[in-house]
Amino acid sequence: MATGQRLMRAIRVFKFGGPEVMKLQSDVAIPIPKDNQVLIKVHACGVNPVDTYIRSGTHNMKPLLPYTPGLDVAGIVEAVGEHVSSFKKGDRVFTVSTLSGGYAEYALAADDTVYMLPEKLDFKQGAAIGIPYFTACLALLHSACVKAGEIVLIHGASGGVGIAACQIARAYGLKVLGTAGTEEGQNIVLQNGAHEVFNHREVNYIDKIKKSVGEKGIDVIIEMLANVNLSNDLNLLSHGGRVIIVGSRGPIEINPRDTMTKGSSIKGVALYSSTKEEFQQLAAALQAGMEVGWLRPVIGPVYPLEKAAQAHEDIIHSRGATGKMILLLK
């Protein structure tokens, strides 16, 4: 190793597998930003379900081993590459992606994935914006093309993406219905824009949703767990309704005729396949939300870096989400 090389703590993954493959190391070289890169001193990093899929090797994205997980960080700019003009040392920022991984004391990111963090939001909230809010915005505004006055059901509304979707949908004039699996989760959903909330652990909750919306049905469903809910979703839709799949953990059998009778559609979203132009549009919408005040990330469980494996265990197996899961480094 080069003499004088600065070192940091970081989670490293040397093989794909369960949460136990994540190892905390204290002798990882701090990256040096080049060209259009920004080096960020990480204060907080978001933990997302996609992080666990990538770590397990079951996701389309398979980073070269070893790697450091983590996409959305918030912190202070430490240094910038020679072609960066939008940011300078000392800026408060958040990211929607990283080049070197966010489960670390320092993270490298391309400057077009870095955004200024307003003073009114703390670093934990900053780390809760990237994946959740950009995904929810993509699902609602680009994929579903929602219109004011439409009814949206956010299936699994108490997690990071779900809360973001509630806030965005309410800000854009939709009637917002949400589901959650715990009383605490249901309260969070109501506090963040939903007009009504339903407990998706109740046997008859689908009937309660049908009773609430009446004959017309639901215009848009934002679906976090399609392998469980998609078949029911299709029966809840209005004529021309659309299901936007944000998350799925396996296969499900559906009857295609359910889409034919209502002229409904099913569309999947993946943030990493969005274009730079789409990211700019999403960022503009969310920037407005920060300025006006409807973008208010809700923080759930917080873990130190050394408990990253426990965080991965909990985000998949916990009984119900209650806000955005965060790794705190400061």
Side-chain angles (χ1 to χ4, degrees), residues 8 10-13 16 19 21-22 28 31 33 36-75 77 93-117 121 123-139 159-164 224 246-247 269-276 278-280 282-283 286 297 299-303 305 308-309 311-312 315-316 321 323-329:
M8 66 177 181
I11 297 293
R12 301 292 280 166
V13 175
F16 296 115
V21 302
M22 296 193 295
V28 179
N36 293 85
Q37 297 173 349
V38 179
L39 180 67
I40 300 163
K41 183 174 176 57
V42 178
H43 285 240
C45 180
V47 179
N48 299 287
V50 70
D51 298 345
T52 72
Y53 309 150
I54 295 169
R55 184 217 66 230
S56 68
T58 60
H59 196 272
N60 290 340
M61 290 171 61
K62 282 196 173 65
L64 292 174
L65 297 170
Y67 82 98
T68 295
L71 299 166
D72 36 12
V73 307
V77 173
V93 296
F94 71 93
T95 71
V96 76
S97 183
T98 65
L99 298 169
S100 62
Y103 294 13
E105 291 178 323
Y106 292 86
L108 202 61
D111 64 351
D112 61 358
T113 65
V114 180
Y115 304 91
M116 295 295 288
L117 179 65
L121 298 178
F123 289 115
K124 287 185 289 186
Q125 290 175 306
I129 298 171
I131 299 298
Y133 280 84
F134 278 75
T135 299
C137 204
L138 179 70
V161 178
I163 291 169
M224 312 298 171
V246 170
V269 298
L271 191 58
Y272 64 85
S273 62
S274 300
T275 65
K276 283 190 178 183
E278 285 171 332
F279 269 108
Q280 289 170 352
L282 299 174
L286 297 175
I299 305 307
V302 177
Y303 300 78
L305 187 60
H312 273 219
I315 200 168
I316 297 299
K324 174 67 176 158
M325 186 177 286
I326 297 290
L327 294 179
L328 194 60
L329 284 98

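Judged as a side chain to side chain contact (heavy atoms under 4.5 Å, CB included), and not counting sequence neighbours, the contacts of T275 are E277, E278. Residues that satisfy the side chain to side chain contact (heavy atoms under 4.5 Å, CB included) test with T135, not counting sequence neighbours, are I131, V161, V246, L271. Qualifying side chain to side chain contact (heavy atoms under 4.5 Å, CB included) partners for T58, counting only residues two or more places apart in sequence or in other chains: Y53, S56. Considering only residues two or more places apart in sequence or on other chains, A104 meets the side chain to side chain contact (heavy atoms under 4.5 Å, CB included) condition with M8, A10, T68. Residues satisfying the side chain to side chain donor-acceptor pair (under 3.5 Å) test with Q125, not counting sequence neighbours, are none. Annotation: ring pair (Phe, Tyr, Trp, His ring centres under 6.0 Å) contacts of Y106 (sequence neighbours excluded): none. For Y115, there are no side chain to side chain donor-acceptor pair (under 3.5 Å) partners, not counting sequence neighbours.
One distance of note links NZ of K124 with CD1 of I299; it measures 7.0 Å at 0.5 Å rounding. Considering CD1 of I315 and OH of Y303, their distance stands at 8.5 Å, rounded to 0.5 Å. Taking OH of Y67 as the reference point, atom NZ of K62 lies at 10.5 Å (rounded to 0.5 Å). Within the model, atoms CG of D111 and OG1 of T113 stand 7.5 Å from one another, a figure rounded to the nearest 0.5 Å.
Proximity of P297 to K324: side-chain heavy atoms (C-beta onward) are nowhere separated by under 4.5 Å. With contacts defined as side-chain heavy-atom distances shorter than 4.5 Å, the pair V93/M116 qualifies. The shortest distance between side-chain heavy atoms of P69 and I11 falls below 4.5 Å. Residues H59 and V50 form a side-chain contact, since some pair of their non-hydrogen atoms from C-beta on lies under 4.5 Å apart. Residues F123 and L117 form a side-chain contact, since some pair of their non-hydrogen atoms from C-beta on lies under 4.5 Å apart. For the pair L71 and Y272, the minimum side-chain heavy-atom distance is 4.5 Å or more. Inter-residue side-chain proximity for P132 and D72 is flagged as met; some heavy-atom pair is nearer than 4.5 Å. Taking 4.5 Å as the limit, some side-chain heavy atom of V47 sits within range of a side-chain heavy atom of Y103.
Of all heavy-atom pairs spanning A44 and L328, the tightest one is CB-CD1, 4.1 Å. Across P33 and P31, no two heavy atoms sit closer than the pair CD-O, 4.0 Å. Closest non-hydrogen pair, A311 versus L327, comes out as CB-CD2, 4.4 Å. In terms of heavy atoms, I40 sits closest to A109 at CD1-CB, 4.4 Å. When all heavy atoms are compared, the tightest approach of A270 to S273 is O-OG, 2.8 Å. Contact detail for C45 and G70: the closest heavy-atom pair is SG-CA, 4.1 Å.
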Yes or no on side-chain contact (heavy atoms from CB on, under 4.5 Å) for F279 and D112, after CA distance, side-chain angles and deciding distance? CA-CA 9 Å; F279 269 108; D112 61 358; over 6 Å; no
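Listed by first and then second residue, the salt bridge (charged side-chain N to carboxylate O under 4.0 Å, His left out) pairs involving residues 37-56 amount to none (not counting sequence neighbours).
T95 places a side-chain N or O within donor-acceptor distance of the main-chain N or O of V73, the cut-off being under 3.5 Å.
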